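A short write-up of the structure that comes next.
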Amino acid sequence: MMTTIDLTEQGLRYLNETLQQQSAGTNQQDWTIINPRGSHAIAVGLDAPIQVTVNGSTGYYCGGMNKQATIMVKGSAGPGVAENMTSGMVVVEGDASQYAGATGHGGTLVIRGNAASRCGISMKGIDIIVAGNIGHMSAFMAQKGNLVVLGDAGEALGDSLYEARLYVRGSVKSLGADCIEKDMKDEHIKQLAELLERADMDADPASFRRYGSARQLYHFDVDNVSAY
Amino acid sequence: MTDQNHPQTEPKPESHVESRAKSQTEPVQSATFTKAVNAEIRRAADMGIYDIRGGGAKRSVPHFDDLLFLGASISRYPLEGYREKCATNVTLGTRFAKNPIKLDIPITIAGMSFGALSGAAKEGLGRGATAAGTSTTTGDGGMTEEERGHSDKLVYQYLPSRYGMNPDDLRRADAIEVVVGQGAKPGGGGMLLGQKISDRVADMRDLPAGIDQRSACRHPDWTGPDDLEIKILELREITGWEKPIYIKVGGARPYFDTALAVKAGADVVVLDGMQGGTAATQDVFIEHVGIPTLACIRPAVKALQELGMHRKVQLVVSGGIRNGADVAKALALGADAVSIGTAALIAMGDNDPKWEDDYQKLGTTAGAYDDWHEGRDPAGITTQDPELAARLDPLLAGKRLANYLKVMTLEAQTIARACGKSHVHNLEPEDLCALTIEAAAMARVPLAGTDWIPGKGI
Ligand SMILES: Cc1cc2nc3c(=O)[nH]c(=O)nc-3n(C[C@H](O)[C@H](O)[C@H](O)COP(=O)(O)O)c2cc1C
């Protein structure tokens with residue numbers, strides 16, 4: 001059964017409260033939100049395995065702190081889409097603004113267009129797959145999880161990176177402090193193939209390069225002072 | 001200042017003999033290059049890294065000690081000590097939240113991270129605060145069961161690092177505190193060195209164990225007051241507009257920061273002056289960035305008053321609060337409540353002289369111990385070492401903290417009654433005078449015995 005919520009008519013509070021009240025066994029699995037008109041905080045804090053389709057573009061923090069739900073944005077997403085998500089899936093058909101997937105602890109964020117700067121900033125376990133390009137300072141201080149980019153990456157990719165893995169198929173304008181290129185081993189090809197499949201994207205895993213932390217900034221060393 | 005000139009006065013006979021025997025001037029230590037300064041230069045030259053420590057500013061700055069209450073007189077009558085009521089309750093978060101925080105006393109426990117503190121210390125804080133009718137606050141590093149389990153009212157910090165941040169903990173918190181800054185280091189992020197990144201701490205923060213960890217100083221997904229307003233909208237939507245949202249700022253530009261926090265939709269503004277403690281940061285940051293607590297309060301209150309928000313958006317002040325007089329003075333200047341960090345740790349046993357031998361072994365002494373980042377705390381509070389942590393009995397620590405909170409409250413009531421107030425919130429700047437010109441200027445109360453407030457014309 002599909003239920004439609006008109007955001008302009010019914011309001012943000014009604015929308016989020018209704019979606020947040022759904023539980024695992026709900027028989028209202030499918031929700032469509034019409035007239036989002038770039039509103040902020042659409043479908044935030046959901047915690048049930050429901051499907052939510054947003055017919056249009058969203059403002060800040062769409063799908064923020066998502067758990068379990070699958071949220072599909074049929075448009076572009078404003079800053080911080082799927083921020084701090086723990087599980088579930090958020091798919092953006094268009095482009096995503098800055099800080100997409102910021103601090104995400106789990107789940108999957110798929111962006112079919114491009115992502116702006118600081119994509120995956122401070123990510124803590126989320127998987128992010130971007131079909132297009134990503135902007136500067138992406139994966140800044142990224143701790144855990146995977147960032148996959150089919151296009152190019154902007155300046156200072158992976159600056160001050162911890163243990164997150166970055167896979168980029170196109171060019172990387174520059175690497176940030178302590179981020180280095182690493183070998184693509186079988187385990188990485190396998191993992192990447194799984195991530196691409198999950199995002200429903202067709203690309204040869206062997207055509208990607210992998211970047212990760214050189215782990216030189218893990219302990220303070222006076223000779224590294226220019227890197228801080 | 002040491003006067004190196006010989007005295008011009010007539011010498012007495014016996015000192016005459018002495019001064020003839022003296023052929024050298026007294027060795028003079030420089031006021032600029034003091035022993036401590038020189039030792040720090042040598043340490044820097046040895047180690048090649050700045051000094052990192054815990055605690056707040058150790059230098060002397062104008063503080064609540066520089067203010068006095070006037071008490072009652074012919075024109076103001078006092079209240080009877082044990083008979084006439086002087087209320088101390090405070091409600092935080094009355095502006096937007098469905099469930100404001102109701103506290104029995106106007107003193108809360110400030111955010112101190114699990115990681116910086118042991119699990120047992122967090123439990124002690126929870127027990128003590130609950131017994132005294134007040135709240136505790138999480139910190140960088142997420143919410144622990146020890147604290148949630150023992151704190152009747154728990155404020156969950158929303159920090160730049162977002163370590164352990166998740167919607168379930170957000171919903172089981174009683175209030176949310178968006179941390180923009182801290183008085184010890186306005187503009188700086190957290191720091192936790194490898195020794196304290198135990199497996200449990202590392203796991204909660206999604207970091208490798210044993211690394212030197214620096215938390216972010218800026219939020220990753222918003223910049224500026226307009227974004228913050230949207231961030232707060234998101235947090236309210238996630239938590240059903242139930243929980244008060246506090247914004248914590250370090251004492252830097254209190255007038256503007258308070259106004260902007262109100263604009264961004266805060267229910268409560270937490271303002272932390274430069275004496276405020278930290279678990280660890282650079283000494284240079286602690287001592288040279290930010291303004292004294294005393295200087296923060298009036299500009300913040302002015303901003304609230306101009307916006308018609310004084311008492312509607314509550315103001316919580318912290319940074320060097322030690323006793324009931326400090327509490328009463330902060331309230332008289334317009335705060336709704338105060339918050340304590342360092343003092344709560346001391347009440348539980350931090351820097352207790354009973355561990356003097358252990359402090360000596362660490363090259364320090366009780367009262368001066370501030371290497372909280374090293375995890376070797378003799379009192380077992382700022383550590384993740386199970387053996388040291390076992391030195392702190394959370395039940396006893398909680399009892400001690402509750403006692404201390406009650407004493408502070410009684411002291412504040414004593415002062416309020418002497419000023420004729422039936423609620424501690426009725427204290428006002430007119431009840432105060434200042435001992436120094438600096439304090440008079442900062443607190444905007446007259447210098448004692450005069451009607452002069454520097455900067456107020458006349
Ligand atoms: C050990 C310790 C850890 C702290 N951790 C945090 C923290 O995680 N987040 C935060 O906002 N402030 C933190 N603070 C600062 C306190 O919240 C508070 O602002 C300060 O302690 C108040 O000043 P006082 O110590 O003079 O009472 C910490 C302070 C101490 C002493």
Side-chain angles (χ1 to χ4, degrees), chain A residues 12-13 15-17 20-21 39-47 59-62 64-67 78-81 83-87 98-106 118 120-125 140-145 160 162-164 213 215 217-223 225 228, chain B residues 44-50 52 142 158-171 189 191 193-195 197 202-223 226-242 282 373:
Chain A
L12 185 67
R13 191 76 284 270
L15 166 83
N16 282 322
E17 199 166 30
Q20 285 165 6
Q21 275 165 2
S39 298
H40 306 311
I42 292 177
V44 295
L46 306 194
D47 190 6
Y60 280 58
Y61 312 128
C62 176
M65 298 217 184
N66 186 51
K67 278 178 87 180
V81 63
E83 68 85 23
N84 210 83
M85 172 158 72
T86 28
S87 63
Q98 334 171 58
Y99 351 110
T103 76
H105 286 72
R118 297 185 169 80
I121 184 173
S122 191
M123 55 194 270
K124 296 169 169 57
F140 177 53
M141 290 178 88
Q143 296 173 217
K144 257 189 196 173
S160 306
Y162 294 97
E163 295 296 295
S213 177
R215 304 188 180 105
L217 301 182
Y218 279 12
H219 294 280
F220 191 92
D221 179 347
V222 68
D223 296 323
V225 99
Y228 292 103
Chain B
D46 279 348
M47 317 266 289
I49 180 173
Y50 38 49
I52 297 172
Y158 189 78
L159 291 129
S161 69
R162 311 277 166 87
Y163 294 140
M165 174 51 56
N166 69 79
D168 302 326
D169 285 345
L170 206 60
R171 290 187 179 116
M191 213 176 233
L193 299 192
Q195 306 89 304
I197 310 274
D203 191 48
M204 280 180 72
R205 296 180 185 221
D206 294 294
L207 285 169
I211 69 165
D212 290 345
Q213 179 263 297
R214 275 137 228 280
S215 359
C217 65
R218 276 199 316 267
H219 282 263
D221 58 356
W222 64 266
T223 34
D226 297 332
D227 280 11
L228 177 55
E229 190 170 347
I230 305 171
K231 176 50 77 179
I232 288 177
L233 169 74
E234 184 205 9
L235 294 172
R236 291 201 193 274
E237 282 292 322
I238 292 173
T239 53
W241 291 75
E242 283 175 0
Q282 297 91 335
H373 57 291

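Quick caveat: nothing in here was measured; it's all calculated off a predicted structure. Here is the naming used below: chain letters follow the sequence lines, and residue numbers restart at 1 for every chain. Atom set for the values below is all heavy atoms of this structure, side chains included, hydrogens, waters and symmetry mates excluded.
- Smallest separation of non-hydrogen atoms from A:Tyr218 and B:Ile211: CD2-CG2, 3.5 Å.
- Per-residue heavy-atom pair counts under 4.5 Å with chain B were compared for A:Arg118, A:Glu17, A:Lys144, and the maximum is reached by A:Lys144.
- Neither the backbone nor the side chain of A:Gln98 comes within contact range of chain B, judged by heavy atoms closer than 4.5 Å.
- For A:Asp47, the part lying near chain B is the side chain, with the backbone staying farther off; criterion is any non-hydrogen pair under 4.5 Å.
- To the nearest 0.5 angstrom, B:Leu233 atom CG is 7.5 Å from A:His40 atom NE2.
- Taking CD of B:Glu234 as the reference point, atom OH of A:Tyr60 lies at 12.0 Å (rounded to 0.5 Å).
- At a 4.5 Å heavy-atom cutoff, the contact between A:Leu12 and chain B is made by backbone and side-chain atoms alike.
- Looking only at heavy-atom pairs under 4.5 Å with chain B, the residue among A:Gly80, A:Ala41, A:Pro79, A:Ala100 that has the most is A:Ala41.
- For the options B:Gln213, B:Lys231, B:Arg236, heavy-atom pairs under 4.5 Å to chain A are most numerous at B:Lys231.
- When atom types are taken as modelled, the side chain of A:Asn84 and the backbone of B:Met165 share a donor-acceptor pair closer than 3.5 angstrom.
- Proximity to chain B (any heavy atom under 4.5 Å) is restricted, for A:Tyr162, to the side chain, taken from C-beta onward.
- Note that the CG atom of B:Asp221 and the CD atom of A:Glu83 stand 5.0 Å from one another [nearest 0.5 Å].
- Within 6.0 Å of CZ in B:Arg218 there are 12 or fewer heavy atoms belonging to other residues, nucleotides or ligands.
- Of the two parts of B:Pro220, the backbone and the side chain both hold a non-hydrogen atom closer than 4.5 Å to a non-hydrogen atom of chain A.
- Of the two parts of A:Lys124, the backbone and the side chain both hold a non-hydrogen atom closer than 4.5 Å to a non-hydrogen atom of chain B.
- Using a 4.5 Å cut-off between heavy atoms, B:Ser161 touches chain A through its backbone atoms (N, CA, C, O) alone.
- Contact annotation for B:Tyr163: both backbone and side-chain heavy atoms come within less than 4.5 Å of a heavy atom of chain A.
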How far apart are the C-alpha atoms of B:Ile238 and A:Tyr61, what are their side-chain angles, what is the distance that settles it, and do they pass the side chain to side chain contact (heavy atoms under 4.5 Å, CB included) test? CA-CA 11 Å; B:Ile238 292 173; A:Tyr61 312 128; over 6 Å; no

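- Note on A:Gln20, A:Met141, A:Met85: by heavy-atom pairs under 4.5 Å with chain B, the leading option is A:Gln20.
- Among all heavy-atom pairs drawn from B:Pro208 and A:Glu163, the shortest one is CG-CG, 3.8 Å.
- The pair B:Asp168-A:Lys67 meets the salt-bridge criterion, since a charged nitrogen lies less than 4.0 angstrom from a carboxylate oxygen.
- Using modelled atom types and a 3.5 Å distance limit, the side chains of A:Asn16 and B:Glu237 yield a donor-acceptor pair.
- Interface residue A:Met65: backbone and side-chain heavy atoms are both found under 4.5 Å from chain B.
- Rounding to the nearest 0.5 Å gives a distance of 6.0 Å between CD of A:Gln143 and CG of B:Asp206.
- Using a 4.5 Å cut-off between heavy atoms, B:Arg205 touches chain A through its backbone atoms (N, CA, C, O) alone.
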